[in-house]
Amino acid sequence: MGEMEELRKEADNLKDQITEARKVVQDTTLQEAVAGTTLVGRVQLKTRKTLRGHLAKIYAMHWGTDTKLCVSASQDGKLIVWDTLTTNKVNAIPLKSSWVMTCAYAPSGNMVACGGLDNMCSIYNLKGKDGNVKVMRELAAHTGYLSCCRFLSDSEIITSSGDCTCILWDIETGTEKTIFAGHLGDCMSLAVSPDFKMFISGACDFTAKLWDIREATCRQTFSGHESDINAIGFFPNGNAVITGSDDATCKLYDLRADQELITYQDSGIMCGVTSLAPSLSGRLLLAGYDDFNVNIWDMLKAERVGVLAGHDNRVSCIGVSSDGMACCTGSWDSFLKIWN
Amino acid sequence: MEEGSRDQGQQGVGTTDPEEDSPNMIIYRKIEDVIMRIQDEKAGGVAIRTVKSFLSKIPSVVSGADIVQWLMKNLSIEDSAEAIHLGSLIAALGYLFPISDHVLTLKDDGTLYRFQAPYFWPSNCWEPENTDYAIYLCKRTMQNKARLELADYEAENLARLQRAFARKWEFIFMQAEAQVKIDRKKDKAERKILDSQERAFWDVHRPVPGCVNTTEMDIRKCQREKNPQRVKKSVYGVTDDTQTQSSVHQSLPSQPARKPTREDVQKEISFLNMQLDRHCMKMSKVADSLMSYTEQFMVYDPLASTIEPSNPWISDDMSFWDLEASRDPSQHRVKKWGFSLEEALKDPAGRDAFLKFLESEFSSENLRFWLAVQDLKRRPLENVAARAQEIWQEFLAEGAPSSINLDSHSYELTSHNLKDPGRYSYEDAQEHIFKLMKSDSYARFLRSTIYQDLLLARKKLTEGEQGRRTSLEKFTRSVGKSLTGKRLTGLMQSS
């Protein structure tokens, strides 16, 4: 038996043991445990605002922490910061590369970041002295497209890329601090834990990985999806992870039980999940799909309790503001909508 | 890398053949599964029949209502709106089409639909060139049939293509003529069907202005196309060397998913060993914690419950946000501080109240240390080293004025970190102190009068009582203040 074969056998053996260990703690399933809980009543959200201004597909959006501002990125080569209450454009930032795939708002509100096919993460300072928004840093090291980026603070940002790695950068020096390698397929999305100590990444190898930011290691890997994971997010208490995939399902994985808790799927849903966001309490899961709709799930009972139908093309991004007041959706139809 | 997965009733055959090029293939296979079932009349499919129309017969059609009914029954869809949505998706992708409209949606009425021929299915990876489209539009103008007349947008497209292909128009014209000849040989009824299917094909690949082009792919997925240089097949069998390579993604190198190497597997093994050592929490406990968390926070979740005073998006009244930001917190807000120490510290008013309580016990150094470390993490790099030293002097050095209690291991680790001070030098220490506060002073805080007064919104004391109490309170507070005052203002910059 070749060495590779022996190694693979050892790995498979360990995997079997882990599966056994996981079975041991399955004294119940989430479905059984919530059998006595009442289903959340039908959730009917309405479009309160439509943000018009982009001229092409919107690929990403991110709420600022002040709960009224958000940033969006479109293939028309613009990054727009919106006051979602008045629908005014606070900033309209022209980009060097129009093939933008992601954007992020710093928690302080001082910066935004974006990136895409240029393989770089560009950081823009919104609070420059003369009032102009300028590029502050261009973080270049990835050898694949930039799929997602999230600020830890004004001095650090984490990016995920089509080169299968994620990187933690120091913004001030513009250098890579840590490279998180391990995925075997393009990393499509990432999310930072509420305590800023960990982050999770979803990739085209159908797995999600939990990383310790300071220790620079992969803590856990979650599998079960049958296709690319496009979207990922933390449950609000930081103890569970939600993923959305091209296999048309979303899954909830618990970090402490180290396994999948439940799958959100329906025979009538055939299109892949592009984006997701939990509501403030974690009771509701809002997920955007390729079939132009957003489905709202009762996260505990795994049943659909609402639909947001209003876009004329794929819903590419979704976010819930930090006070849970509003949900924002962005679409290939070039519009953003605010719902609640 | 599949580990034991728990399926909850998989539907459809949907196999993901890694050799298949298009990223949309997964959904195409699912829909094809449905399409084959719906057309199978013997196995409960819809009735596809010939309908008599004004002067002629319309072969091979089915009504929109029948399709909607079938979808609801066979895919367990309860809501007809959902069935219509799914049916419209199937139409938009090109698997069925209305015989009298270019717009590909499904209506729940007597509108007649036809199924697309497998030759034209999107799963065949069609990317028809403009030369094919030009041939198509051209041949339609050659035939004298009312039903083949060009729509306005098609006439515009044809004009545009004539200009673009001016030099090879003769070639296109010849191809169109050849196609017309081939078509004429076919049976009349068959031709009706084929013509409509061909038109539906072009409705997918050259949609009516305003309609979504469902063949568009996410550019991130395009990057992984295995064979971007493959020759695109022509609808009309045209092998034209001058066919151009359009679209951006074609010119970029593809990045195939890497195959695992020996090193990868070895890393995996050590990772798996680590996993095996971890302690897994029982599912029942996990479920309980999820349920109690959502239950606690649901009243604070605007998407799940009604929020007081009102939703600013609906009422245009900002008082909700004003209340959240005010340093004079409502009972509702104060209640949240009791859920966990994390929640209390998230709220600036909560931090103030906790600090006030600790000061009254003369044990505020833990919280002040925690706050100082949070602040350190946000400092610009140039200030970090100096600040880190200041924190050491204040809280950890021998004889420190606000000495905190760390176990020897954590103390040594922190002291070591400070040889090369950085933003995260105090991570370990901070975690320890947090745990200490959580298990000790936090619980007492929740029982304290400071917290309880806010929680129960107790009315202020009457004047007489105030007189007696406050002089003692004032004294103790002033003593406390003179000791902590200076250092407090220096450290309390965050929030």
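Predicted, not measured: the structure shown is a model, and the values here were computed from it. In what follows, chains are A, B, ... by sequence order, proteins preceding strands, each numbered from 1.
- Here P236(A) is the residue among G272(A), A248(A), P236(A), C327(A) with the most heavy-atom pairs under 4.5 Å with chain B.
- Contacts of P194(A) with chain B are absent, with no heavy-atom separation under 4.5 Å from either backbone or side chain.
- Only the side chain of Q75(A) comes within contact range of chain B, judged by heavy atoms closer than 4.5 Å.
- Looking at N230(A), the atoms closer than 4.5 Å to chain B (heavy atoms on both sides) all sit in the side chain, from C-beta outward.
- Contact of L255(A) with chain B is made through the backbone alone, with heavy-atom distances under 4.5 Å.
- I77(B) touches chain A through its side chain: at least one heavy atom from C-beta onward sits under 4.5 Å away, while N, CA, C and O do not.
- Neither the backbone nor the side chain of F196(A) comes within contact range of chain B; no heavy atom of the residue lies under 4.5 Å from a heavy atom of that chain.
- Atom NZ of K336(B) has more than 12 neighbouring heavy atoms from other residues, nucleotides or ligands inside a 6.0 Å radius.
- Here M101(A) contributes atom CE and I219(B) contributes atom CD1; the two are 3.5 Å apart, rounded to the nearest 0.5 Å.
- With a 6.0 Å radius and a threshold of 12 heavy atoms from other residues, nucleotides or ligands, K435(B) has its NZ atom at or below the threshold.
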Intermediate values then yes/no, salt bridge (charged side-chain N to carboxylate O under 4.0 Å, His left out), E431(B) and K197(A) = CA-CA 11 Å; E431(B) 230 179 278; K197(A) 296 199 171 142; 3.7 Å; yes
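- Heavy atoms of F222(A) lying under 4.5 Å from chain B are absent altogether.
- Neither the backbone nor the side chain of K285(B) comes within contact range of chain A, judged by heavy atoms closer than 4.5 Å.
- Summarising the geometry, atom CE belonging to M274(B) is positioned 9.5 Å from atom CD1 belonging to I18(A); distances are rounded to the nearest 0.5 Å.
- By the side-chain hydrogen bond (donor to acceptor under 3.5 Å, both in side chains) test, N340(A) pairs with R48(A), N311(B), sequence neighbours left out.
- Counting heavy atoms from C-beta outward, W321(B) and L85(A) have side chains that approach closer than 4.5 Å.
- Listed here is the closest heavy atom pair of R220(B) and Y145(A): O-OH, 3.5 Å.
- Ion pairing between E268(B) and R8(A) fails under the 4.0 Å rule for side-chain N and carboxylate O.
- For chain B, the nearby part of V40(A) is the side chain; its heavy atoms alone come within less than 4.5 Å.
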Full working for side chain to side chain contact (heavy atoms under 4.5 Å, CB included) between L261(A) and V286(B) = CA-CA 9 Å; L261(A) 290 180; V286(B) 162; 3.9 Å; yes
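- Remark: side-chain polar atoms of T294(B) are not paired, donor with acceptor, to backbone N or O of S281(A) under 3.5 angstrom.
- With a threshold of 4.5 angstrom between heavy atoms, L7(A) approaches chain B through its backbone and through its side chain.
- A donor-acceptor pair shorter than 3.5 Å cannot be found between the side chains of S155(A) and R379(B).
- At a 4.5 Å heavy-atom cutoff, the contact between I307(B) and chain A is made by side-chain atoms alone.
- Counting heavy-atom pairs closer than 4.5 Å to chain B, the top residue among V320(A), V24(A), D12(A), I338(A) is I338(A).
- Taken from CG in L30(A) to CG in D288(B), the straight-line distance is 10.5 Å, to the nearest 0.5 Å.
- Interatomic distance, CZ of F434(B) versus CG of D195(A), reported as 9.0 Å (0.5 Å rounding).
- In this structure, the portion of L89(B) lying under 4.5 Å from any heavy atom of chain A is its side chain and not its backbone.
- We find the CD1-CG distance between I171(A) and L381(B) to be 12.0 Å, quoted to the nearest 0.5 Å.
- Both the backbone and the side chain of D323(A) come within less than 4.5 Å of a heavy atom in chain B.
- In this structure, chain A has a heavy atom under 4.5 Å from the side chain of V34(B), while its backbone stays farther away.
- For the pair K68(A) and F320(B), the NZ or CZ position fails the cation-pi test of under 6.0 Å to the six-membered ring centre and within 45 degrees of the ring normal.
- Interface remark: of the candidates K46(A), R314(A), E20(A), E32(A), R314(A) forms the most heavy-atom pairs closer than 4.5 Å to chain B.
- Interface remark: E172(A) contributes side-chain atoms only to the contact with chain B (heavy atom separation under 4.5 Å).
- Listed options T173(A), L300(A), T217(A), D291(A) were ranked by heavy-atom pairs under 4.5 angstrom with chain B; first place goes to D291(A).
- Heavy-atom distances place both the backbone and the side chain of S279(A) under 4.5 Å from chain B.
- At a heavy-atom cut-off of under 4.5 Å, chain A is reached by Q275(B), L276(B), R278(B), H279(B), C280(B), M281(B), K282(B), M283(B) from residues 275-283 of chain B, listed in order of number.
- Side-chain contact check for T221(A) versus F271(B): some heavy-atom pair is nearer than 4.5 Å.
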So K221(B) and D186(A), salt bridge (charged side-chain N to carboxylate O under 4.0 Å, His left out) or not? Walk me through it.
-> CA-CA 9 Å; K221(B) 312 277 178 162; D186(A) 302 13; over 6 Å; no
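- Of all the listed residues (R262(B), K346(B), M291(B), K267(B)), the one sharing the greatest number of non-hydrogen pairs under 4.5 Å with chain A is R262(B).
- Going from atom OG of S267(A) over to atom CG of L86(B) covers 9.0 Å, rounded to the nearest 0.5 Å.
- When side chains are defined from C-beta on, L303(B) counts as touching L286(A), because their heavy atoms get closer than 4.5 Å.
- Applying the 6.0 Å contact sphere to CD of E295(B) captures no more than 12 heavy atoms from other residues, nucleotides or ligands.
- In this structure, the side-chain hydrogen bond (donor to acceptor under 3.5 Å, both in side chains) partners of Y424(B), at least two apart in sequence or on a different chain, are E156(A), R214(A).
- No side-chain heavy atom of M270(A) sits under 4.5 Å from any side-chain heavy atom of R29(B).
- Not counting sequence neighbours, the partners of K57(A) by the side-chain hydrogen bond (donor to acceptor under 3.5 Å, both in side chains) test are E216(B).
- M325(A) touches chain B through backbone and side chain together, each having a heavy atom under 4.5 Å away.
- Counting heavy-atom pairs closer than 4.5 Å to chain B, the top residue among W339(A), W332(A), Y59(A), F292(A) is Y59(A).
- When S153(A), A33(A), A302(A), A257(A) are compared by the number of non-hydrogen pairs under 4.5 Å with chain B, A257(A) comes out ahead.
- A heavy-atom distance below 4.5 Å is found between the side chains of L252(A) and L290(B).
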